[in-house]
Amino acid sequence: MVWTDERIEELKVLWAEGLTTGEIGKRLGVSKNAVVGKAHRLGLKGRPSPIKKAKQPRPAAAPAKEPEPKMKTLVDLSANTCRWPIGDPREPGFHFCGAPAIPGKPYCAEHAAVAYVGAGSNSHKVPPPPRDGEAA
DNA sequence: CCCTGATTCGC
DNA sequence: GCGAATCAGG
């Protein structure tokens, strides 16, 4: 294989075009090794293995769906936080009240009032007991 | 295993 | 100087 000026020029052009050594090699009728070897020998700009480097344009904004800071998940509950469930445990966005609970009670004042309708009323206890685990 | 380029090494 | 072989990264 004789590297004539034409051949070298073609090589440089194709190389500058961004073709891969394999492509240039096929077009030049040589192996990619010859191409890269000659290219390196010529002092062409070597790309540090420009592997599949494709840029993904970020056209629009980045809708970061972050949960509200006030949201209390199960892990946020502590001994004195209101465990009044907000929403359906099976649905996303479910959380707990999280307000300061009454000592001795699992709920805050307001929710405890709803939970224990009247101190002694054994009739309708609307709220489901906030037992962890599964319930269905 | 495919691809890429880089370097080594015998011719 | 040439390029296959080998190496190295993805």
Side-chain angles (χ1 to χ4, degrees):
Chain A
M1 185 61 192
V2 50
W3 279 104
T4 63
D5 186 67
E6 300 177 9
R7 224 68 58 108
I8 297 176
E9 184 177 337
E10 187 77 4
L11 168 67
K12 291 193 298 183
V13 172
L14 293 174
W15 186 270
E17 282 291 302
L19 292 176
T20 65
T21 57
E23 279 296 295
I24 301 174
K26 279 197 292 188
R27 298 194 190 277
L28 271 288
V30 296
S31 54
K32 77 178 188 69
N33 303 348
V35 176
V36 67
K38 182 61 180 176
H40 186 242
R41 216 168 291 120
L42 286 171
L44 287 178
K45 295 184 297 298
R47 311 98 126 180
S49 300
I51 329 297
K52 279 76 180 182
K53 298 283 288 187
K55 290 182 179 178
Q56 288 291 350
R58 303 259 78 157
K65 297 181 179 63
E66 300 179 8
E68 288 295 322
K70 290 181 176 297
M71 285 283 201
K72 294 295 180 181
T73 59
L74 192 64
V75 296
D76 294 318
L77 296 175
S78 55
N80 59 336
T81 52
C82 179
R83 265 91 111 192
W84 186 268
I86 306 296
D88 196 301
R90 298 189 306 273
E91 291 185 44
F94 167 79
H95 61 284
F96 293 93
C97 173
I102 301 176
K105 294 180 183 301
Y107 306 119
C108 65
E110 298 192 25
H111 286 140
V114 194
Y116 314 104
V117 181
S121 292
N122 53 354
S123 300
H124 48 283
K125 293 181 179 178
V126 185
R131 284 281 65 113
D132 54 339
E134 220 278 292

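Each chain gets a letter, A, B and so on, in the order the sequences are listed, and its residues count up from 1. Note: hydrogens, waters and symmetry copies are ignored here, and every other heavy atom, side chains too, is used.
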Next on the checklist: Under 4.0 Å, heavy atoms only, any strand: does A/Leu19 hit a base, just the sugar-phosphate, or nothing?
Outcome noted: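 Contact class for A/Leu19: sugar-phosphate only.
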
Next on the checklist: Using a heavy-atom cut-off of 4.0 Å across all strands, would you classify A/Lys32 as base, sugar-phosphate, or nothing?
Outcome noted: base

Please check the phosphate of [N] (OP1 and OP2 only) for any side-chain N or O of [X] closer than 4.0 Å.
{"X": "A/Thr20", "N": "B/dT4", "value": "yes"}
{"X": "A/Trp3", "N": "C/dG3", "value": "yes"}
{"X": "A/His40", "N": "B/dG5", "value": "no"}

Checklist entry - About how many Å separate CD of A/Glu110 and CD1 of A/Ile102, when rounded to the nearest 0.5 Å? => result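 One gets 9.5 Å once the value is rounded to the nearest 0.5 Å.
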
What integer distance in Å separates [X]:[atom1] from [N]:[atom2]?
{"X": "A/Lys38", "N": "B/dT7", "atom1": "NZ", "atom2": "C1'", "answer": "16 Å"}
{"X": "A/Glu23", "N": "B/dG5", "atom1": "CD", "atom2": "C1'", "answer": "14 Å"}
{"X": "A/Leu42", "N": "C/dG3", "atom1": "CG", "atom2": "P", "answer": "11 Å"}
{"X": "A/Asn33", "N": "C/dA8", "atom1": "CG", "atom2": "P", "answer": "16 Å"}
{"X": "A/Arg41", "N": "B/dG5", "atom1": "CZ", "atom2": "P", "answer": "16 Å"}

Item to check | Check ion pair A/Glu10-A/Arg7 (N to O, under 4.0 angstrom) | outcome: no

Checklist entry - Nearest heavy-atom pair of A/Trp3 and A/Leu28: which atoms, and what distance? => result CZ3-CD1, 4.2 Å

Item to check | Residue closer to the 5' end of DNA chain C, A/Ile8 versus A/Val36 (nearest nucleotide) | outcome: A/Ile8

Checklist entry - What is the ring orientation for A/Trp84 with A/Tyr107, classed by angle as parallel under 30°, tilted 30 to 60°, or perpendicular over 60°? => result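 Taking A/Tyr107 first and then A/Trp84, their aromatic rings stand perpendicular (interplane angle over 60°).
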
